[in-house]
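A short worksheet on the structure shown next.
In what follows, chains are A, B, ... by sequence order, proteins preceding strands, each numbered from 1.
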Protein chains: 2
Amino acid sequence: MTKPKQNTLFVASLAKGLRILRAFDHTNTELSLATLAKITGLDKSAVQRLANTLHVEGMLDKDPVTRLYRPSHAWLRLAYAYYWSDPLVARAMPKLIDLSQRIGETVNLAELSGQDIIYAARLPCKRTIFAASVPGRSVPALSISAGQVIVATFPQQEREDAIHDWRLRAQTPRTTMDRAKIADQIEAAAQTGYAITYDQMILDEVGIACVIRGPDGRGCAAVHCSVSAHHWDDARIRTEILPWLQDTANAI
Amino acid sequence: MTKPKQNTLFVASLAKGLRILRAFDHTNTELSLATLAKITGLDKSAVQRLANTLHVEGMLDKDPVTRLYRPSHAWLRLAYAYYWSDPLVARAMPKLIDLSQRIGETVNLAELSGQDIIYAARLPCKRTIFAASVPGRSVPALSISAGQVIVATFPQQEREDAIHDWRLRAQTPRTTMDRAKIADQIEAAAQTGYAITYDQMILDEVGIACVIRGPDGRGCAAVHCSVSAHHWDDARIRTEILPWLQDTANAI
DNA sequence: ATCTAACGTATCATTATATGATATGTGCGA
DNA sequence: TCGCACATATCATATAATGATACGTTAGAT
């Protein structure tokens, strides 16, 4: 079928099973065999067997009446295992909790994952859209403060490549799609170590981020804070949020 | 090998791949091929191929120097997909946020998963042990308030069976292992709709839970709050926390 | 510095195992 | 009532997973 990427030490059936898992996302929350086949591009029979296997193994719940498959609690258990494996989360968590209590606003631990930022930990303090209140969401790194502040730590060449090549997606009508503008913002972030972006993922949302550097000095994550533009103006953000954010990022 | 559970619509390779994934937990955060083979009981070569496949597919990160495998960010993405598929989480989240802000203490959304309670959403407000601050952790339902309050909604027979048969594990030296005592607590919870437990998972931790009923009247989840016994006595818990908890649970 | 053991990596023939076409069963809307 | 779309079950065939084996590499001990 799909040209085996590598032979003999690549188990195609397993890879196909993973495609079933990945078919589920924020739009596809429960799927029938038929639509599962459409999404994955796999054969009808294959999907039947794969999905059944995943069901028997407890990875997929199956509604006995609608016959629709859904992610099971096992998916959360995997996340739990992930959390223990990521040393950054363990180190950051207590400090993020303190931070969120101090400033009373939503704070996140944002990690770089390829060209995306993925929110590893989220401590929501204010009601917001669902997507912004659960961990695991990923968005193009260039678009948001957390990503910019990380890219800003890259060596010159790599930084330019990232700005030029990395994925960009208009999430709101005001998402910045102009790479030159993004380059400026990243340049500024390189100087200051922080970044502030507006209306990138949600309208009237302000994102503030400070970088966390790995042992090699390269940014690998960021402490991120998301507030409403209605309640916070630039000046207050800089005096009442930024300092604490920086402290937290440095402490991690 | 392991007698095929069902034939012809069960893909053994996929099942084995899942065993690799599940080998990772809070104790095994990064694993070599050899230990992976030991844990899963799979053949050396099988593990090699399976792990490589998972790596190529982006489900496992591989440290290029130590050759150790670790869960990848994909595990968080799966969790994200799970969150969208669980209607309870979406409905509960904004209310949980309000609740956590109001009482200033850690609140959780606890769901029943087999004989366990799994924390689907956690909003930590105070520093605590790592296990209590990330979602996905699961603990025996009978041991904790959230589980008791759910079991309490079961019909007589089922309730007794659960109390008699369900898993129990001594997590702290003071975890209640006496099923008769648990039966009493569940009986009380059946009357009041809430439960309070002490020292079950962490010492000096008090757990307070109110049940959330499904459309059939059967409890399927609970709003749970965890506070320190040092800071809260029974009276204050009942007057300053319980009412809000109940409101929140009812509203969901 | 040398040896050895443990582990990761690579190769290969063999057949068990996954495959996908087909057939049967079931529920829903016209 | 009919017919369609989907889930479920069966089966012969050859593909694709298997596990034994052999090679490389690293690290610890002597």
Open item on the list: I'd like to know if the side chain of B:Gln157 pairs up with that of B:Asp161 as donor and acceptor (distance under 3.5 Å, no hydrogens or angles considered).
Closed with: yes

Task: Euclidean distance, atom CG of residue B:Leu42 to atom P of D:dT18 [Å, nearest integer] - done: 9 Å

Open item on the list: When the axes are fitted on five pairs at both termini, how much does the helix from C:dA1-D:dT30 to C:dA30-D:dT1 curve, in 10° steps?
Closed with: 40°

TODO: For A:Lys38 and D:dA7, give me the distance from atom NZ to atom C1', rounded to whole Å.
DONE: 13 Å

Open item on the list: Tell me whether B:Ser133 contacts the main-chain N or O of B:Pro124 through its side chain, where contact means a donor paired with an acceptor under 3.5 Å.
Closed with: no

Open item on the list: Are A:Leu54 and B:Leu18 packed together at the side-chain level, in the sense that at least one heavy-atom pair is separated by less than 4.5 angstrom?
Closed with: yes

- [ ] Give the rounded distance in Å between these two atoms: CG of A:Asp43 and P of D:dT13.
- [x] 19 Å

Task: Shortest non-hydrogen contact between B:Val211 and B:Val149, atoms and distance - done: CG2-O, 3.6 Å

Task: Shortest non-hydrogen separation from B:Phe24 to B:Thr29 and the atoms involved - done: CD2-O, 3.9 Å

- [ ] Round to the nearest Å and state the distance from A:Glu30 atom CD to D:dA7 atom C1'.
- [x] 16 Å

Task: Heavy-atom closest contact (B:Arg77 atom, A:Ser113 atom, distance) - done: NH2-OG, 3.2 Å

Open item on the list: In whole Å, I'd like the distance from the CG atom of B:Asn52 to the C1' atom of D:dT18.
Closed with: 15 Å

Open item on the list: Which residues pass the salt bridge (charged side-chain N to carboxylate O under 4.0 Å, His left out) test with B:Asp98, not counting sequence neighbours?
Closed with: A:Arg127

Task: Between P of C:dT17 and CZ of B:Phe10, the distance in whole Å - done: 12 Å

Task: Nearest heavy atoms of B:Ile163 and B:Arg179, plus distance in Å - done: O-NH1, 2.9 Å

- [ ] To the nearest Å, give me how far apart CG (A:Leu50) and P (D:dA16) are.
- [x] 14 Å

Open item on the list: Please encode protein proximity along nucleotides 8-13 of chain C as a string of B, S and -, counting only heavy-atom distances under 4.0 Å.
Closed with: BBB-B-

- [ ] Verify the contact: side-chain N or O of B:Ser13 to OP1 or OP2 of D:dA16, cut-off strictly under 4.0 Å; return yes or no.
- [x] no

Task: Side-chain touch A:Tyr83/B:Pro135, heavy atoms, less than 4.5 angstrom - done: yes

